[in-house]
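Below: one structure, written as structure tokens.
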Amino acid sequence: MFITAAGGGVLVDVDGNSLIDMGSGIAVVSVGNAAPHVVARVTEQVAAFTHTCFMVTPYESYVEVCEALNRLTPGDHEKRSALFNSGAEAVENAVKIARAYTKRQAIVVFEHGYHGRTNLTMALTAKNMPYKDSFGPFAPEVYRVPLSYPYRDGRSGAQAARDAITRIDKEVGAKNVAAIVIEPIAGEGGFIVPAPGFLPALSSFASSNGIVFVADEIQTGFARTGAWFACEHEGIVPDLITTAKGIAGGLPLAAVTGRADIMDSVHVGGLGGTYGGNPVACAAALGAIATMEESDLPSRARQIESIMVPRLKEMASSSDRIGDVRGRGAMLAIELVVPGESGTPAEPDPEAAAAVAKACHAEGVVVLTAGTYGNVLRFLPPLSIPDELLDEALVVIEKAVTTLG
Ligand SMILES: Cc1ncc(COP(=O)(O)O)c(C=O)c1O
């Protein structure tokens, strides 16, 4: 379906059909599509000027976005922000900054991780198909260690962290590691929430070994998980944080925010790009952030969780096709499995996920699949969605799961 209009959790297609949006353009329009503050600020900005290149002739809105990021991201230490175009570009720059600061090269990432599709970020991304297959060779000095995946590994956060840290120590050597790059909730990997304690253990291992701890909050950030940033759920203060997606209500903008001493270690002119922090995207970000603050969207995300999780758990209790219900805030998922297997975890069932997604689309509900095994159905509604539409979407999802038999 091709879209002609969207807003309030609804997508309207060229034939006039209305679809309930449970994907937000992959976690982007958290404030809703064509959100009024975003539209007003963007309209004003395009009429004033569309581009100058911040590195040549700067403008105030770029600085205002950086100030907002420095204020909203975890930690009250002195921070700096730099703006880019896409999530992948932000992650690439976080790696550049960490390497310049530490004068080390190795980057540690995790199984099930996703960080983008550029050459370096393909190397950081775990899943081969469709992201990496036939696109190598990939960037060197990238080391992947196991993630905590409670449903499938049954380990505590402390055990999983011990395993990951042992791998780093034995196979890379902590003193060679510039950065540990991790999504606080693995997004494309299947909305995997690590067991409690996993992230704090890695963060403290990083700080005791002079390693830059980078939280990739490109999908989890900006109110999505019921806090401004998902790190806050476990009291983590990352050295660097990458953001994109939800930051600008649909316009392309990304950022690296972090400790001033780390960010300032890069030589003048070392970071940049023609369009990074484009004035129209900055105007959109200021509109989006104002909306999130005014409407307290972190608490709306928690409300969405409280509406959806009991319903999804109810579905799981009456269907052996749902192996796990997980996520935080308005970043929720069900993992579909082959029924009748003894013991847990059951075999992933990607066909079931595809069938449920297809059935939902046919009934006018846009849902997305995800997961290393392709068997996860993920829900990322705009935080502006009304309760009645959520309810309608849940009825459709339940019917689609039931028809799996
Ligand atoms: C956690 C994470 N990092 C990085 C990216 C890459 O962002 P972009 O597609 O804007 O390059 C994504 C996109 O899905 C993501 O979810």
Side-chain angles (χ1 to χ4, degrees), residues 23-30 73 82-98 107-127 129-132 135 138-139 142 144 147 149 179-194 199 213-225 228-231 233 236 238 240-258 273 275-278 281 284-285 288 327-333 368-372 374 376 378-380:
S24 297
I26 318 190
V28 170
V29 286
S30 300
T73 49
L83 306 183
F84 303 99
N85 300 293
S86 68
E89 199 188 350
V91 174
E92 292 240 1
N93 277 279
V95 168
K96 283 161 68 172
I97 295 162
I107 306 298
V108 169
V109 288
F110 292 81
E111 283 171 4
H112 310 289
Y114 180 87
H115 301 286
R117 297 172 185 251
T118 56
N119 187 267
L120 174 59
T121 58
M122 276 191 294
L124 304 180
T125 290
K127 190 175 173 178
M129 192 59 105
Y131 307 126
K132 301 165 71 165
F135 300 145
F138 304 113
V142 172
R144 195 176 322 288
L147 182 70
Y149 190 160
I180 292 176
V181 182
I182 189 164
E183 298 161 88
I185 298 175
E188 304 301 302
F191 285 19
I192 304 163
V193 185
L199 293 169
F213 187 83
V214 183
D216 180 347
E217 293 244 18
I218 285 164
Q219 191 153 164
T220 50
F222 289 102
R224 173 59 54 190
T225 68
W228 275 93
F229 294 95
C231 277
H233 295 294
I236 307 228
L240 298 180
I241 179 163
T242 54
T243 52
K245 289 190 182 276
I247 188 175
L251 273 81
L253 189 72
V256 179
T257 300
Y275 293 110
N278 166 274
R328 287 192 197 277
M331 183 174 181
L332 300 170
L368 307 170
T369 57
T372 300
V376 174
R378 57 174 159 166
F379 311 114
L380 292 160

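Start at 1 and go down the list; that is how both ligands and their atoms are numbered. Atoms considered below: every heavy atom in the structure, side chains included; atoms not considered: hydrogens, waters and symmetry mates. Only a predicted model underlies this, so the values are computations on that prediction, with no experimental measurement involved.
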Any idea which heavy atoms bring Ala90 and Val256 closest together, and the distance? O-CG2, 3.2 Å

Considering only protein heavy atoms, which is closest to atom 7 (O) of ligand 1, and at what distance to one decimal place? Gly87 CA, 3.3 Å

For the pair Glu188 and Arg378, find out whether any cationic side-chain nitrogen is under 4.0 Å from an anionic carboxylate oxygen. yes

Can you tell which part of Lys245 has a heavy atom less than 4.0 Å from ligand 1: side chain, backbone, both or neither? side chain

Can you confirm, on distance only, whether ligand 1 has an N/O atom lying under 3.5 Å from any N/O atom belonging to Ala88? yes

Is at least one protein non-hydrogen atom found at under 4.0 angstrom from atom 9 (O) of ligand 1? no

Tell me which part of Glu188 gets within contact of ligand 1: side chain, backbone, both or neither, using heavy atoms under 4.0 Å. side chain

If I apply the N/O under 3.5 Å rule, does Glu183 come out as touching ligand 1? no

Under the side chain to side chain contact (heavy atoms under 4.5 Å, CB included) test against Leu240, which residue among Thr257, Val214, Asp216, Val181 passes? Val214

Between Thr372 and His112 the two heavy atoms that sit nearest each other are OG1-ND1, 2.6 Å

Residue Asp216 vicinity, atoms of ligand 1 by number, heavy atom under 4.0 Å: 1 (C), 2 (C), 3 (N), 4 (C)

Nearest-neighbour protein heavy atom for atom 16 (O) of ligand 1, which is reported as residue plus atom name and distance: Gln219 NE2, 2.9 Å

Are the ring centres of Phe229 and Phe222 closer than 6.0 Å? yes

Can you sort out which atoms of ligand 1 are near Ser86, meaning under 4.0 Å from one of its heavy atoms? 10 (O), 11 (O)

Which atom of Ala255 lies closest to which atom of Leu83, heavy atoms considered: CB-CD2, 3.7 Å

Candidate pair Trp228 and Glu217, rule side chain to side chain contact (heavy atoms under 4.5 Å, CB included), full reasoning: CA-CA 10 Å; Trp228 275 93; Glu217 293 244 18; over 6 Å; no

